[in-house]
Structure formats: structure tokens, C-alpha cells
**Q** 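I'd like to ask some things about the structure below.
Note that the structure is a prediction, hence the values are computed from the model and not measured. Counting convention: from 1, in listed order, for ligands and their atoms alike.
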Amino acid sequence: MISVVVPVFNEEESILHFYDELMRHLPKLSKSYEIIFVDDGSADNTLNLAKELAKKDKNISIYSFRRNHGKAEALTFGFQKAKEDLILTLDADLQDKPSEVKKLFNKQKEGFDLVSGWREHRRDSFAKIIFSKFFNLMASTFWGVRLHDYNCGLKLYTKDAAKSLNLYGGMHRFIPLLVAEKGFRVTEVPVVHDIRRFGKSKYNAIKLLTQSPDMMTMLFLSKYGKRPLHFFGFIGIFIFGVGVLISLYLSILHFLGEPIGTRPLLFLGILLIISGIQIGLTGLIADLVLNVSRKNSFSEIMLKYSSENI
Ligand code: UDP
Ligand code: MG
């Protein structure tokens with residue numbers, strides 16, 4: 001039982017080839033399956049071609065965004081609609097090869113919630129490979145989930161792991177980190193990667209660069225999303241402390257008889273004390289807001305055992 005989620009954006013050249021290739025392998029892996037095409041606001045003939053496929057194949061469903069939102073949103077939507085216990089994702093451009101899916105299945109059986117492809121020999125532009133290496137290095141340094149490749153389109157999830165994701169912007173690049181953060185078991189297997197034979201890549205090096213702030217957001221959210229006071233409090237106390245030291249120093253000079261009233265340092269000291277308090281209080285307000293709206297969603301991080309699944 002498997003749901004295949006495929007984000008498609010202007011893939012009119014490849015979608016039919018993709019479907020043929022997928023169907024050469026998918027039925028061998030699972031007797032029952034569904035294929036979910038999430039059309040991400042394509043402006044070409046992609047949607048019509050997908051509809052033609054769906055007319056012939058009852059296992060296909062298509063959802064279409066009115067405009068382009070990005071791969072992260074397309075995947076998240078597909079996960080929400082998926083019905084089966086295992087969810088497979090692949091790019092529609094045939095860079096991820098359906099023939100490789102079997103490797104992910106075999107690995108998943110060892111008890112993993114996410115098996116991600118590792119494009120050992122990547123077939124992309126030089127600039128993209130460099131960017132990607134940099135991202136992968138940053139990610140594995142900051143998060144302790146050590147993979148070689150976080151952003152391979154080929155991934156196999158358990159339903160729980162996939163449905164726990166709420167991705168936007170460039171967040172699809174770090175899915176293994178987000179999934180591991182929630183306590184799911186994550187691993188990777190080497191897969192063959194192909195050049196893009198049809199259509200054009202939607203992510204050039206510039207787009208990667210503009211989406212890199214998402215990485216900062218993620219770093220912040222994963223570390224401080226639930227306790228902003230720790231972040232703001234630390235910065236606030238540091239700035240406040242420097243201000244106090246400056247003021248103490250000037251007070252001593254004052255008691256020794258030196259005039260300090262016109263010294264720029266005095267103003268800096270006052271400014272730092274006030275800013276420090278402000279920043280600290282901002283953290284307090286953020287914590288209060290979070291507490292008011294806090295609803296713990298334990299369903300995605302808890303396992304349930306009952307007579308059915310023990
Ligand atoms: N994609 C999408 N929305 C976008 C950009 C891409 O759904 O805004 C899809 C695209 O159709 C493909 C997959 O995401 O199936 C990966 O895109 P692409 O091959 O352009 O990325 P690359 O492999 O070059 O990183
Ligand atoms: Mg591609």
C-alpha cells in the first residue's frame with residue numbers, strides 16, 4: 001500500500017515519460033498504490049497531460065494550485081491528501097529514477113520512518129552542486145543528523161513522518177532534519193541520479209541563494225521556536241550587562257572627581273541598558289504569546305500501542 005506524491009511544475013515534456021517509467025516499476029513494489037500529482041500552478045500543458053493520464057488510470061488523482069507556490073507547499077499538500085501507510089516522493093523530471101525506488105523500500109523495512117536518496121554522483125550544474133555541498137555541510141554541522149544529501153527528491157516516508165511536515169519556502173531542502181527533530185528514524189541510501197533530459201530546472205543557483213534565509217528561520221525555529229525568551233533573554237542580558245559595566249566605570253570616574261556628563265560613552269551606556277531591557281521584554285512577550293496559543297500536537301510525536309499493533 002503506497003501513495004506516490006509527485007510535485008509537477010511546467011513538466012509537459014517529461015510527465016508522460018515519467019508516468020511510463022514509474023509504471024514499469026511501481027506495480028512490482030506494491031499491488032495497490034495511488035499516484036498524486038500536485039500541479040504547482042503550471043503554465044504549460046502539464047495539467048492537461050496529467051488529466052489524460054488520470055482518465056486512463058483510476059489510481060491517479062490530481063490537485064492543482066491556482067498559481068505557483070513552490071515545491072515545499074506542493075509536497076505538503078500531497079502528504080495531506082495521501083491515504084496509504086507509505087508515501088513515496090519523486091521529482092517528475094526523471095532525474096530521480098523510478099528504478100531506484102526498490103532500494104528505498106528494502107531499507108525502510110529495517111524500521112525507518114524516512115529513507116532519503118543520496119545522489120552519490122550528482123548530475124546537475126557545477127554551481128548547484130557547490131551550493132548543495134555547502135548546505136549539506138551546514139546542515140550536518142548544526143543538527144547532528146549526518147546525511148550526505150538532504151535534498152534528494154526521492155524519499156520514502158511512513159505516513160506519520162510525512163504528515164507531520166508543514167513545509168514552505170525552501171524548507172523541502174531540509175526534510176530529513178525536520179523529521180528527525182520530531183523523533184522519527186531517518187537514514188539514506190545511495191541512488192543513481194540522472195541529468196535532466198526534459199524541460200528546464202526550476203531551481204537555479206540564484207534561487208537557492210534567495211531561499212537561504214529559510215535556513216536561518218529553520219535554525220531559529222528548531223532551537224528557539226518553543227522558548228523565544230532564551231534567545232532574546234540571552235542577547236538582552238548581554239547588552240544590558242555591557243551597559244551596566246560602562247555605567248559602573250563612569251560612576252567610578254565620577255566619584256573620583258572626573259566630569260563625565262559630556263562623554264559619548266555615558267550615552268552609549270544608557271542606550272545599551274535601555275535596549276537590553278527592551279530586547280529581554282520582547283522575549284517575554286513572545287513567550288507569553290506562545291503560551292496563550294500553545295496547543296501541543298502530540299499525535300505526531302507519540303506512538304500508540306494497542307492490541308492491534310503490538
Ligand atoms: N517543482 C514544483 N514547484 C516549483 C519548482 C519545482 O513542484 O516551484 C517540481 C518540479 O516540477 C520537479 C521537482 O519539483 O518535479 C524538482 O524540480 P527541479 O527538477 O526543477 O529541481 P532540481 O532537480 O533542478 O533541483
Ligand atoms: Mg530536477
**Q** Does any part of the side chain of Val101, heavy atoms only, come nearer than 4.5 Å to the side chain of Leu26, both counted from C-beta?
**A** no

**Q** Can you confirm whether His25 is buried at NE2, in the sense that more than 12 heavy atoms of other residues, nucleotides or ligands lie under 6.0 Å from that atom?
**A** yes

**Q** Would you say Val186 ends up clustered with Val191 if hydrophobic residues are merged whenever their side chains have heavy atoms under 4.5 Å apart, either directly or through other cluster members?
**A** no

**Q** List ligand 1 atoms under 4.0 Å from Gln95, heavy atoms only on the residue side.
**A** 19 (O), 23 (O)

**Q** Which residue owns the protein heavy atom closest to atom 20 (O) of ligand 1, what's the atom, and how far is it?
**A** Lys202 N, 2.5 Å

**Q** Among all protein heavy atoms in this structure, tell me which lies nearest to atom 14 (O) of ligand 1, with the distance rounded to 0.1 Å.
**A** Lys71 CD, 3.4 Å

**Q** Counting only nitrogen or oxygen atoms and a 3.5 angstrom limit, does Pro7 reach ligand 1?
**A** yes

**Q** Using a strict 4.0 Å threshold on nitrogen-to-oxygen distance, state whether Glu100 and Arg119 make a salt bridge.
**A** no

**Q** Report the C-alpha separation of Ile62 and Lys51 in whole Å, then their side-chain angles, then the decisive distance to 0.1 Å, and conclude whether the side chain to side chain contact (heavy atoms under 4.5 Å, CB included) test is met.
**A** CA-CA 7 Å; Ile62 305 166; Lys51 284 182 188 163; 4.0 Å; yes

**Q** Please lay out, stage by stage, how Phe79 and Thr89 fare under the test side chain to side chain contact (heavy atoms under 4.5 Å, CB included).
**A** CA-CA 9 Å; Phe79 294 155; Thr89 61; 3.5 Å; yes

**Q** Which residue and atom name correspond to the protein heavy atom nearest atom 3 (N) of ligand 1, and how close is it?
**A** Asp40 OD2, 2.5 Å

**Q** Distance check below 2.8 Å: does Asp91 bring an N, O or S atom to the Mg ion (ligand 2)?
**A** no

**Q** With the Mg ion (ligand 2) as the point of reference, which N/O/S atom of Asp93 is the closest?
**A** OD2

**Q** Considering the heavy atoms of Asn68, write down every atom of ligand 1 situated less than 4.0 Å from one of them.
**A** 3 (N), 4 (C), 8 (O)

**Q** Below 4.0 Å, non-hydrogen atoms only: which portion of His69 touches ligand 1? Side chain, backbone, both or neither.
**A** neither

**Q** Apply the test side chain to side chain contact (heavy atoms under 4.5 Å, CB included) to residues Phe131 and Tyr203: give CA-CA distance (whole Å), side-chain angles for both, the deciding distance (0.1 Å), then the verdict.
**A** CA-CA 12 Å; Phe131 260 120; Tyr203 292 104; over 6 Å; no

**Q** Could a heavy atom of Lys128 be found less than 4.0 Å from some atom of ligand 1?
**A** yes

**Q** Would you tell me whether His148 and Glu188 have side-chain atoms, one donor and one acceptor, within less than 3.5 Å of each other?
**A** yes

**Q** Tell me, which protein residue and heavy-atom name are nearest atom 1 (N) of ligand 1, and how many Å apart are they?
**A** Phe9 CB, 3.8 Å

**Q** Between the Mg ion (ligand 2) and Gln95, is there an N, O or S atom separated by less than 2.8 Å?
**A** yes

**Q** Would you please say whether a donor-acceptor pair under 3.5 Å links the side chains of Ser3 and Glu34?
**A** yes

**Q** So Leu86 and Met1, do their side chains get closer than 4.5 Å, heavy atoms only?
**A** no

**Q** Using heavy-atom distances, let me know which of Val8, Leu75, Asp91 sits nearest atom 16 (C) of ligand 1.
**A** Asp91

**Q** Say whether Arg196, considering both its backbone and side-chain N or O atoms, lies within less than 3.5 Å of an N or O atom on ligand 1.
**A** yes

**Q** Using distance alone, decide if ligand 1 has a nitrogen or oxygen within less than 3.5 Å of any nitrogen or oxygen in Val38.
**A** no

**Q** Which residue and non-hydrogen atom of the protein lie closest to atom 21 (O) of ligand 1, and at what distance in Å?
**A** Tyr203 CD1, 3.5 Å

**Q** Take Lys56 and Tyr19, measure what side chain to side chain contact (heavy atoms under 4.5 Å, CB included) needs, and give me the verdict at the end.
**A** CA-CA 12 Å; Lys56 285 184 269 164; Tyr19 173 73; over 6 Å; no

**Q** Return the closest protein heavy atom for atom 19 (O) of ligand 1 as residue, atom name and distance.
**A** Asp93 OD2, 2.6 Å

**Q** Please state whether Gly153 comes within less than 4.0 angstrom of ligand 1, counting heavy atoms only.
**A** no

**Q** Do the side chains of Ile239 and Val242 get nearer than 4.5 Å, heavy atoms only?
**A** no

**Q** Tell me: protein heavy atom nearest atom 10 (C) of ligand 1, and distance?
**A** Glu11 OE2, 3.2 Å

**Q** Quick check: Asp124 and ligand 1, any N/O pair under 3.5 Å apart?
**A** no

